[in-house]
Every structure is written in C-alpha cells, then in structure tokens.
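Just below is one structure, and these are the notes that go with it.
Model, not experiment: these values are computed from the prediction.
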Amino acid sequence: MANFSKPSVPRFSVDVYQNEYLPEGGREVNAIVTVTSTGGGTLAGATAAPRPAGPDAGAAVALMVDCSGSMDYPPTKMRNARDATVAAVDTLRDGVHFAVIGGTHVAKEVYPGGGHLAVADAGTREQAKQALRRLSAGGGTAIGTWLRLADRLLSSADVAIRHGILLTDGRNEHESPEDLKAALDACAGRFTCDARGVGTDWEVKEVTSIASALLGSADIVADPAGLAADFTRMMENAMGKEVADVALRVWTPVGTTIRFVKQVAPTVEELTGRRTEAGPRAGDYPTGSWGDESRDYHVCVEVPAAGLGQEMLAARVSLVVPQPDGSAQNLGAQGLVRAVWTDDMTASTSINPQVAHYTGQAELAQAIQEGLDLRKAGDIDGATAKLGRAVQLAGASGNADTAKLLAKVVDVVDAATGTVRLKAKVAEADEMTLETRSTKTVRVKK
C-alpha cells in the first residue's frame with residue numbers, strides 16, 4: 001500500500017503580470033494573476049479553516065463507479081474499473097473518510113453502507129476491496145443520483161476537504177439534462193470532483209460539465225487497462241489537497257467594472273458567472289481545493305476614462321477561505337492591477353507576453369471545440385478553418401501535446417499558416433481525446 005505523508009498547510013503567493021500603460025481614452029486593463037501555493041507552515045499567521053481532531057480528519061472522498069449494463073461490454077471494462085477503484089482505495093491515507101458508490105439508474109452504497117463513511121485504515125481498506133470484488137454490471141445511467149448520494153455521504157463528515165472521483169462509460173440516458181444540471185447546481189461548492197470517461201461510448205460534454213461545475217479535472221481513458229494508473233494519480237492528487245474552498249477575491253474601485261475572470265492554466269475555466277458578492281465592490285470567484293501547485297488567472301477590467309499622466313489602482317486580488325462563523329479569512333497574499341495613461345505609443349501598445357500567451361490559449365480551446373462541433377455537423381469548410389487556426393495557435397504557443405492530438409484529426413500542411421485538411425477517417429478515441437483535453441494549456445515559455 002502506498003503511504004503518503006500528510007503535507008503541511010500551503011503558503012500562498014500572488015504575482016501579477018500586465019502592461020499597465022493605456023493610451024489616451026484607453027479603458028481596458030488585462031492582467032495575468034499567478035497564484036502559487038507551496039507546502040510548509042502558515043503565512044502571516046493566517047491558516048486554513050480549522051480541522052477537526054483525529055489522525056487525519058481533514059478529508060473525505062467518495063468514489064463513484066459506473067455499474068451500468070454497458071460496463072460488461074467488453075467484460076474487461078468492469079474488471080478494470082474494479083481494479084482501478086481498488087488501487088484508489090489503496091492510495092487513501094490513514095484517517096481519511098471514504099465511501100464507494102455503485103452507479104446505475106440509481107445510486108447504491110457499495111461500502112461501507114448505512115449512510116455512513118468509513119475511516120481508512122488497513123482493515124477498512126481491505127473490507128472495501130472485498131466489497132468491490134462483488135460489483136457487477138447491470139442497469140442504466142443516471143449520474144445526478146450518484147452525485148447527490150456522494151454529497152449526502154461527504155456532508156456527513158466534519159472535514160475540510162470533500163472530494164469525489166467519478167467514472168462513467170456511457171451517456172446519461174436515464175435522467176434528463178435538467179436533472180443532471182440540478183444535481184450539479186446542488187453539489188457545486190460542497191465538494192470537488194474529478195470525472196473520467198472510459199472507452200468511447202460516453203458524451204464528452206457531459207463529463208467535462210461535471211468536472212467544470214465541481215472544479216475538478218476531466219479526462220478520457222480510452223483503454224480501460226489504463227484506469228488503475230489514472231485512478232492512483234487522481235487519488236494521490238486528492239490526498240495532496242490541504243486547503244478547501246479557496247476563493248479569488250477581486251476588489252475594484254468606484255466606476256470600474258469586471259469584464260471577466262477566468263482560469264487559464266493548467267486549464268481554461270470560465271469563472272465570471274460564478275461570482276458571489278463579498279462586500280462593497282468586491283466579489284469572490286471559486287477556485288476549489290489547493291495543495292502544492294500553481295495556477296494562472298486572466299482578469300480583465302474596464303476602468304473610467306482618465307487624462308494623460310494619471311494612474312489608478314484598477315483591481316486588488318487576494319485569496320480567502322470561508323470560516324465556520326460565515327466570515328472569510330484572508331490568506332495574506334495579494335496582487336495589484338494598475339492603470340497608467342501615457343502618450344508613449346510604444347508603452348501603451350505593447351502587449352504583455354503572459355496576457356498575449358493566454359489570450360491565444362483561450363482562443364485555441366475555443367477553436368478546437370467549435371471545429372469539432374462543425375465537423376460533427378458536416379460543415380467541412382468551417383471545421384477546416386477552425387481546426388487550422390487551432391493548429392496555428394498550438395504551434396505558436398508551444399502547446400506540443402495539443403498539436404499532437406490535432407494531428408490525429410487533421411493532416412497538417414503548414415502549421416505556421418494553419419493550413420490543414422480534415423482526415424477522411426478519424427478514430428473515435430482520438431477525436432474524443434482532443435475534445436476532452438482541448439482546455440489544457442501550457443504556461444508561457446521562459
């Protein structure tokens with residue numbers, strides 16, 4: 001069994017990259033905000049939300065395994081899913097609360113049952129593995145019921161970190177899209193969730209929407225034999241989370257409006273519509289749970305017009321976590337976004353490299369998604385144009401992984417100009433992999 005020592009509470013820092021100079025009449029300010037958490041101690045006396053006592057009572061995990069009838073085709077799929085979940089259970093740290101859920105058109109508690117969570121130790125891990133070996137396939141698919149059961153179980157534990165891992169191999173055919181969305185709305189902010197599609201019979205937009213709503217990752221495991229390694233990595237990542245419900249708090253002065261806030265690394269994730277008000281002229285944007293990692297955010301604000309030579313604070317970005325009394329604790333790191341009006345054309349027209357890079361990465365993700373949608377709709381010319389632009393952007397930004405995935409869908413004639421031809425035949429797994437991973441970005445080349 002893997003033995004992962006409990007990391008320290010991370011220390012947060014914020015760095016802002018921008019061109020603060022605007023021409024006369026300029027009003028749009030763009031900045032890339034890099035948030036980094038590094039293990040070890042506390043920052044300026046600030047700590048994460050208090051943890052309950054216990055060997056490691058800070059985390060709870062729910063594993064949701066698709067047990068619908070399609071998991072028996074081929075039979076190795078169900079066996080690989082069981083083995084993967086066993087591997088994930090083996091990766092649980094002692095003291096972590098956990099449960100296993102079998103998902104069909106209803107959600108069933110596989111282990112421990114009775115509406116409770118188990119506490120991981122050698123005995124409960126073995127019991128969970130025995131229960132998993134009895135899993136069999138049969139029934140339909142209603143993912144919203146899986147998520148609601150996970151929420152009920154996870155909320156029964158007095159812990160800081162609540163996380164789900166969801167595996168499906170098929171489309172959500174036994175509940176309406178509205179039912180799934182209602183379940184996601186009910187679970188959002190209550191736990192994070194990584195979602196995986198195994199094989200090629202599932203719907204990419206369903207799986208990615210689950211991960212997006214619940215601030216987790218989404219991916220395809222085209223070959224079920226790869227599930228165990230993927231589940232182990234997901235669980236290792238979940239075990240590394242130490243601070244839950246971190247929010248990016250953005251304050252703006254009077255007359256300034258926020259155009260958008262989006263995560264741009266490691267994936268593109270729109271956050272603008274998830275804002276919750278946090279006092280006068282301040283709003284919180286959810287980022288989920290953090291361990292030892294770094295992420296980038298693009299903040300765009302519109303400032304009031306000002307004269308040449310004037311300057312102002314356009315936004316202040318900080319990090320907060322909720323507290324049991326309903327307040328929010330500042331994690332002690334902040335970054336300032338500035339605006340300075342100048343008649344120096346060189347200064348005011350220069351685009352910051354980080355801003356330019358991530359604007360291109362966001363366009364890359366959109367071009368891939370639109371291109372694949374047009375391809376499915378039979379619009380060959382439109383798909384060729386969009387996917388050609390994606391090839392051009394991937395090459396220019398150094399996004400080699402995305403470039404390789406694109407090359408399985410199009411024949412690249414000239415990457416620099418985005419000249420491509422759609423392949424006549426594309427393996428379904430290759431197209432789904434490109435769509436699922438379209439939002440993955442690379443950081444600015446140093």
Side-chain angles (χ1 to χ4, degrees), residues 30 32-35 165-166 168 181 184 188 192-197 200 202-222 230 233-234 237 248 260-274 285-290 293-300 354-376 383 386-410 418 429-445:
N30 288 276
I32 299 300
V33 177
T34 296
V35 179
I165 290 177
L166 184 148
T168 183
K181 184 179 186 308
L184 290 171
T192 55
C193 184
D194 294 321
R196 294 294 184 268
T200 57
W202 48 280
E203 180 61 49
V204 171
K205 287 181 173 59
E206 282 179 354
V207 170
T208 55
S209 71
I210 293 166
S212 177
L214 302 182
L215 298 172
S217 66
D219 207 351
I220 178 174
V221 186
D230 188 68
R233 283 192 299 270
M234 276 194 290
N237 187 54
L248 201 69
F260 63 78
V261 175
K262 64 177 73 171
Q263 178 182 286
V264 288
T267 58
V268 177
E269 193 64 61
E270 181 61 63
L271 299 177
T272 312
R274 303 188 191 188
Y285 299 85
T287 70
S289 302
W290 285 71
E293 59 191 295
S294 181
R295 307 179 201 169
D296 293 335
Y297 300 87
H298 187 168
V299 177
C300 178
Q354 277 89 348
V355 171
H357 175 81
Y358 284 123
T359 299
Q361 292 287 284
E363 185 188 349
L364 169 60
Q366 186 175 357
I368 291 171
Q369 290 160 14
E370 291 177 354
L372 291 176
D373 286 344
L374 289 168
R375 184 179 180 278
K376 291 172 188 173
K386 288 291 183 183
L387 293 174
R389 176 60 175 157
V391 166
Q392 186 181 33
L393 289 164
S397 65
N399 197 330
D401 288 344
T402 299
K404 289 175 185 174
L405 295 175
L406 280 162
K408 294 183 178 181
V409 177
V410 297
D430 289 337
E431 183 175 3
M432 291 177 71
T433 301
L434 176 61
E435 185 176 1
T436 306
R437 298 179 183 172
S438 61
T439 59
K440 293 184 184 296
T441 58
V442 292
R443 307 194 92 156
V444 179
K445 289 182 285 187

Please report the shortest heavy-atom distance between [X] and [Y], naming the atom on each side.
X: A211; Y: S217; value: CB-O, 3.4 Å
X: Q263; Y: P266; value: NE2-CD, 3.9 Å
X: D194; Y: R196; value: CB-NH1, 4.2 Å
X: T34; Y: S294; value: CG2-OG, 3.6 Å
X: V444; Y: Y358; value: N-OH, 4.1 Å

Criterion side-chain hydrogen bond (donor to acceptor under 3.5 Å, both in side chains) against S397, the qualifying member of Q392, R443, Q361:
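Single pass found, and it is Q361.
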Under a 4.0 Å threshold between the charged nitrogen and the carboxylate oxygen, would R295 count as salt-bridged to E269?
no
May I ask you to decide whether D401 forms a salt bridge with R437, counting only side-chain N to carboxylate O separations under 4.0 Å?
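Result for this pair is no, no salt bridge flagged.
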How many angstroms lie between CZ in R274 and CG in L215, if you round to the nearest 0.5 Å?
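The CZ atom of R274 sits 5.0 Å away from the CG atom of L215.
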Side chain to side chain contact (heavy atoms under 4.5 Å, CB included) partners for V391, two or more places apart:
L406, V410, V412, A415, V420
Within a reach of under 6.0 Å around [atom1] of [X], are more than 12 heavy atoms found that belong to other residues, nucleotides or ligands?
X: K440; atom1: NZ; value: yes
X: Q366; atom1: CD; value: no
X: K376; atom1: NZ; value: yes

Looking at residues at least two apart in the chain, or sitting in another chain, which of them share a ring pair (Phe, Tyr, Trp, His ring centres under 6.0 Å) with W290?
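With sequence neighbours excluded, W290 shows a ring pair (Phe, Tyr, Trp, His ring centres under 6.0 Å) to F12, given in chain and number order.
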